[in-house]
There are 2 protein chains.
Amino acid sequence: MPTKKPTISSSHSASKPTQKTIAEITGLAVTTVSRALQGDEKIAQATRLRVSKVAEEIGYVPDRAAQRLRTGKTKVVSLILDPHNEILGFGNSLITGVAHALAGTDYHLNVTPQFLGGDPIEPVEYIVRNKLADGIIFSRTRPFDERVRFLRERSFPFTTHGRTEFGYQHSYVDYDNEKFAYESVLRLMQKGRRRICIILPPNQFTFHQHLNYGYMRAIRQEGLQSYIPGGISLDSDMPEVFEWAKNIASSPEAPDGFICPGETSFLAIANGYRQAGKARGLDFDAVVKSSSQTLHQIDPHIDNISEDIQEAGVLLGTNLLKTMEHPDGPFEQTIQDPDITFPSLKSFQD
Amino acid sequence: MPTKKPTISSSHSASKPTQKTIAEITGLAVTTVSRALQGDEKIAQATRLRVSKVAEEIGYVPDRAAQRLRTGKTKVVSLILDPHNEILGFGNSLITGVAHALAGTDYHLNVTPQFLGGDPIEPVEYIVRNKLADGIIFSRTRPFDERVRFLRERSFPFTTHGRTEFGYQHSYVDYDNEKFAYESVLRLMQKGRRRICIILPPNQFTFHQHLNYGYMRAIRQEGLQSYIPGGISLDSDMPEVFEWAKNIASSPEAPDGFICPGETSFLAIANGYRQAGKARGLDFDAVVKSSSQTLHQIDPHIDNISEDIQEAGVLLGTNLLKTMEHPDGPFEQTIQDPDITFPSLKSFQD
DNA sequence: CATAGTACTTATAACGTTACAAATATCGGA
DNA sequence: TCCGATATTTGTAACGTTATAAGTACTATG
């Protein structure tokens with residue numbers, strides 16, 4: 001007789017089924033059930049099948065708290081949401097992307113918002129201290145990012161959205177902002193623009209450098225005039241940018257080409273110029289980096305290079321999964337290539 | 001001698017400090033430490049103080065997995081993010097709001113994205129089945145919402161963003177969409193508009209009814225003409241709405257007033273009309289419900305009634321906390337009052 | 001000085017899982 | 001038939017916490 005008779009004991013059917021319940025039904029030991037569910041090769045295939053069938057039938061789901069206590073693994077990934085991501089669905093796309101990458105694994109996604117004005121290291125420290133996740137994703141890296149240093153020191157798995165300039169490697173996903181800026185300048189020149197202005201992010205961020213390099217490379221190469229506004233950044237709010245644009249528009253040194261690595265700065269600038277009586281396409285042009293469909297849907301003629309944030313989320317998720325599996329590298333490093341497909345100049349004219 | 005001598009044992013300072021570590025240092029039993037940390041009045045105040053001082057010193061943090069296993073409480077709140085929330089920072093504001101409400105409590109926020117096209121009950125069932133949270137927040141309720149029914153049957157704490165029409169009470173936060181629609185009609189009438197069109201959400205949602213009631217009430221009361229487009233809803237994407245608006249704009253029955261309970265539908269309509277040669281302020285007017293600052297920043301003259309989504313998040317969070325504390329009610333029910341302050345008609349003219 | 005009450009502390013067990021070491025069953029070959 | 005190897009299963013303990021019931025010491029009372 002290959003199996004002992006099922007021991008009909010008092011407790012199953014009531015309350016939540018556990019491995020113990022399965023053990024009682026199958027007549028196996030709890031250990032065996034555990035290992036069968038893990039797919040351990042050392043357990044007879046017949047047993048594995050029988051166990052998972054019973055598990056299925058009685059609706060067994062493993063207790064994450066118990067697994068976590070025993071194994072030390074949370075099976076959670078934390079995404080730290082930057083307050084600057086609030087604009088135009090950035091955060092949502094990122095979340096959706098990461099969630100997609102995690103779907104099918106047994107990892108859950110935990111979103112920790114970083115409050116405006118708080119030190120960026122805080123949520124990271126909190127997660128590590130309280131062991132709330134097995135891996136962390138965060139964005140807006142700086143060249144010598146404190147968070148990267150912190151996590152690396154503790155060998156805590158992470159992936160960043162954005163690069164750093166440390167001497168060592170780590171997992172990241174980034175957008176080729178240098179190419180974006182470079183190509184944008186060329187596009188504006190192609191349209192006959194000569195005084196090219198770029199709205200840069202605050203200079204502590206790595207992607208400030210990348211944008212700047214690409215921009216300056218093209219400016220120098222083509223012998224154009226550069227214009228980098230002092231008081232305005234990608235993080236300035238719209239009214240501020242609007243005021244600035246309105247003022248500069250009527251000055252003799254008014255730029256005639258804008259590179260906007262964010263949708264809102266474009267909107268503010270376009271409005272400022274319009275307010276000053278200057279029309280886009282006539283008095284100035286702009287290339288915009290958009291992370292949503294909104295702008296393109298408002299006006300498909302806007303020169304727009306899109307950054308696929310949801311894809312970035314997927315990449316961040318998969319890179320982090322790999323990093324958690326092999327904590328000592330090789331580190332997955334992915335650069336998203338800007339998709340440069342402008343409306344043709346001809347069709348734009350009519 | 002009131003305290004035993006600290007037992008210097010092998011293990012503290014290495015590895016993660018636990019209650020056991022504190023017990024060894026203070027010479028108390030683990031149970032006492034546990035109860036002291038919980039602030040149990042039965043433990044001498046001196047002891048409580050001493051324990052928390054030591055805990056502080058050695059950087060003790062409770063192990064959430066162990067607490068969860070023992071108590072059955074996850075101390076997690078799940079926010080289910082609807083894919084339709086992706087537009088214009090809605091989801092982010094909600095997250096930030098809930099996070100604010102939870103800050104200072106020992107609850108963590110877990111964001112579960114609901115994938116587009118998936119059954120809305122799925123994430124709810126999943127969370128309940130796997131006991132991933134102690135309470136759930138979700139949005140876009142229907143009059144007889146399956147999720148509400150499901151959770152209520154199992155007495156699982158939840159708060160909804162939006163009302164239902166069940167005979168029983170539950171905790172919710174909602175926006176007074178009826179008032180929004182009603183006041184919007186009046187505003188458009190005040191501007192001389194007579195053919196008023198409203199873009200409604202798909203009719204399975206409760207807030208479709210509320211918007212419709214408010215709208216119809218004002219339309220009838222003032223003897224205006226109503227226009228509810230058939231093929232278009234608040235969830236239609238921009239190009240679709242744009243096409244529709246462009247077509248209707250040049251027909252004899254073209255509405256001259258629009259109520260847009262979402263920013264993107266306004267943008268699409270305004271573009272469609274413009275494309276058809278019709279100008280806002282001249283040929284038509286619109287009242288928009290905005291959940292971000294973007295629109296207002298683009299043009300402060302747009303008649304705009306704002307819905308404070310972050311506040312909604314805070315309310316949802318606090319309501320849920322109360323519900324979890326008192327699972328049998330009374331249920332916190334909050335209606336957000338639309339802030340109706342239009343630019344004055346005079347100043348709009350110049 | 002015994003007694004009851006009060007103030008405070010503690011041992012034990014348990015939550016559900018898995019790692020480890022050990023036991024048992026099965027099989028092929030001598 | 002016995003032996004060793006292989007296949008499979010199992011008992012025990014532990015992860016860190018808290019609920020329960022029980023303990024001890026001290027204080028007030030008569």
Side-chain angles (χ1 to χ4, degrees), chain A residues 1-4 7 11-12 14-51 55 58-75 106 129-132 134, chain B residues 1-4 7 11-12 14-51 55 58-75 106 129-132 134:
Chain A
M1 192 168 34
T3 59
K4 294 176 202 150
T7 311
S11 59
H12 27 98
S15 75
K16 209 184 76 173
T18 68
Q19 292 184 352
K20 196 172 157 199
T21 323
I22 300 177
E24 281 167 1
I25 293 175
T26 56
L28 295 163
V30 174
T31 303
T32 312
V33 171
S34 172
R35 293 178 51 194
L37 289 169
Q38 286 172 76
D40 189 327
E41 300 275 323
K42 296 281 189 66
I43 301 294
Q45 179 153 32
T47 308
R48 297 209 299 269
L49 247 62
R50 190 155 53 95
V51 166
I58 65 174
Y60 166 79
V61 283
D63 184 306
R64 313 229 356 150
Q67 290 181 316
R68 182 167 157 181
L69 176 59
R70 183 62 243 236
T71 64
K73 295 275 160 217
T74 64
K75 293 290 174 180
D106 55 351
R129 243 175 81 89
N130 295 42
K131 191 71 215 294
L132 299 181
D134 298 337
Chain B
M1 192 165 37
T3 60
K4 293 175 201 148
T7 311
S11 59
H12 29 96
S15 75
K16 209 185 77 173
T18 68
Q19 292 184 353
K20 195 173 159 199
T21 324
I22 301 177
E24 280 166 2
I25 294 174
T26 57
L28 294 163
V30 174
T31 304
T32 312
V33 172
S34 171
R35 294 179 52 191
L37 289 170
Q38 288 173 73
D40 190 326
E41 300 275 323
K42 296 281 190 64
I43 301 294
Q45 180 151 35
T47 308
R48 298 210 297 269
L49 247 63
R50 191 156 52 96
V51 167
I58 65 174
Y60 166 78
V61 283
D63 183 306
R64 315 241 337 161
Q67 290 181 316
R68 183 165 155 182
L69 177 59
R70 184 60 243 239
T71 64
K73 295 275 158 215
T74 64
K75 292 289 175 181
D106 55 353
R129 243 174 82 87
N130 295 42
K131 191 68 215 291
L132 298 182
D134 298 337

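In what follows, chains are A, B, ... by sequence order, proteins preceding strands, each numbered from 1.
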Rounded interatomic separation in angstrom, taking [atom1] from [X] and [atom2] from [N]:
| X | N | atom1 | atom2 | value |
| --- | --- | --- | --- | --- |
| A/Q45 | D/dT8 | CD | P | 10 Å |
| A/L28 | C/dT24 | CG | C1' | 14 Å |
| B/R50 | C/dT9 | CZ | C1' | 12 Å |
| B/K16 | D/dA14 | NZ | C1' | 14 Å |
| B/E41 | C/dT9 | CD | C1' | 16 Å |
| B/D40 | D/dT17 | CG | P | 17 Å |
| B/I22 | D/dT18 | CD1 | P | 11 Å |
| B/K42 | D/dT24 | NZ | P | 18 Å |

Side chain of [X] - closest among [options]:
| X | options | value |
| --- | --- | --- |
| B/Q19 | D/dT18, C/dT10, D/dT8 | D/dT18 |
| B/L69 | C/dT12, D/dT8, C/dG16 | C/dG16 |
| B/T31 | D/dT17, C/dT12, D/dG11 | C/dT12 |

>> Tell me the closest heavy-atom pair linking A/Q19 and A/L37, and the distance in Å.
In response: NE2-CD1, 3.9 Å
> How many angstroms lie between atom CD1 of A/I58 and atom CD1 of A/I25, to the nearest 0.5 angstrom?
Replying inline: 4.5 Å
>> Between B/A44 and A/D63, which residue's closest nucleotide on DNA chain C lies nearer the 5′ terminus?
In response: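 The residue mapped nearer the 5' terminus is B/A44.
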> A/T74 pairs by side chain to side chain contact (heavy atoms under 4.5 Å, CB included) with which of A/L132, A/N130, A/D134?
Replying inline: A/D134
How would you label the contact of [X] with the nucleic acid (heavy atoms, under 4.0 Å): base, sugar-phosphate, or nothing?
| X | value |
| --- | --- |
| B/A66 | base |
| B/T18 | sugar-phosphate |
| A/Q67 | sugar-phosphate |
| B/S34 | base |

> Under 4.0 Å between a Lys/Arg side-chain N and an Asp/Glu carboxylate O for A/D63 and A/K16?
Replying inline: yes
> With distance as the sole test, does B/T26 use its side chain to make a donor-acceptor pair with the main-chain N or O of B/I22 at under 3.5 Å?
Replying inline: yes
>> When you measure from the side chain of A/T71 to the backbone of A/Q67, do you find a donor-acceptor pair of N or O atoms at a distance under 3.5 Å?
In response: yes
> For the base of D/dA19, is there a side-chain donor-acceptor partner from B/R70 under 3.5 Å away?
Replying inline: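 No.
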>> Could you check whether the side chain of A/R35 and the base of D/dT10 have a donor-acceptor pair of N or O atoms closer than 3.5 Å, going by distance alone?
In response: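 Looking at the base of D/dT10, it does pair with a donor or acceptor on the side chain of A/R35 (distance under 3.5 Å).
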Quick one: is [N] close enough that its OP1 or OP2 comes under 4.0 Å of any side-chain N or O from [X]?
| X | N | answer |
| --- | --- | --- |
| B/Q38 | D/dA19 | yes |
| A/T32 | D/dT10 | yes |
| A/T71 | C/dT18 | no |

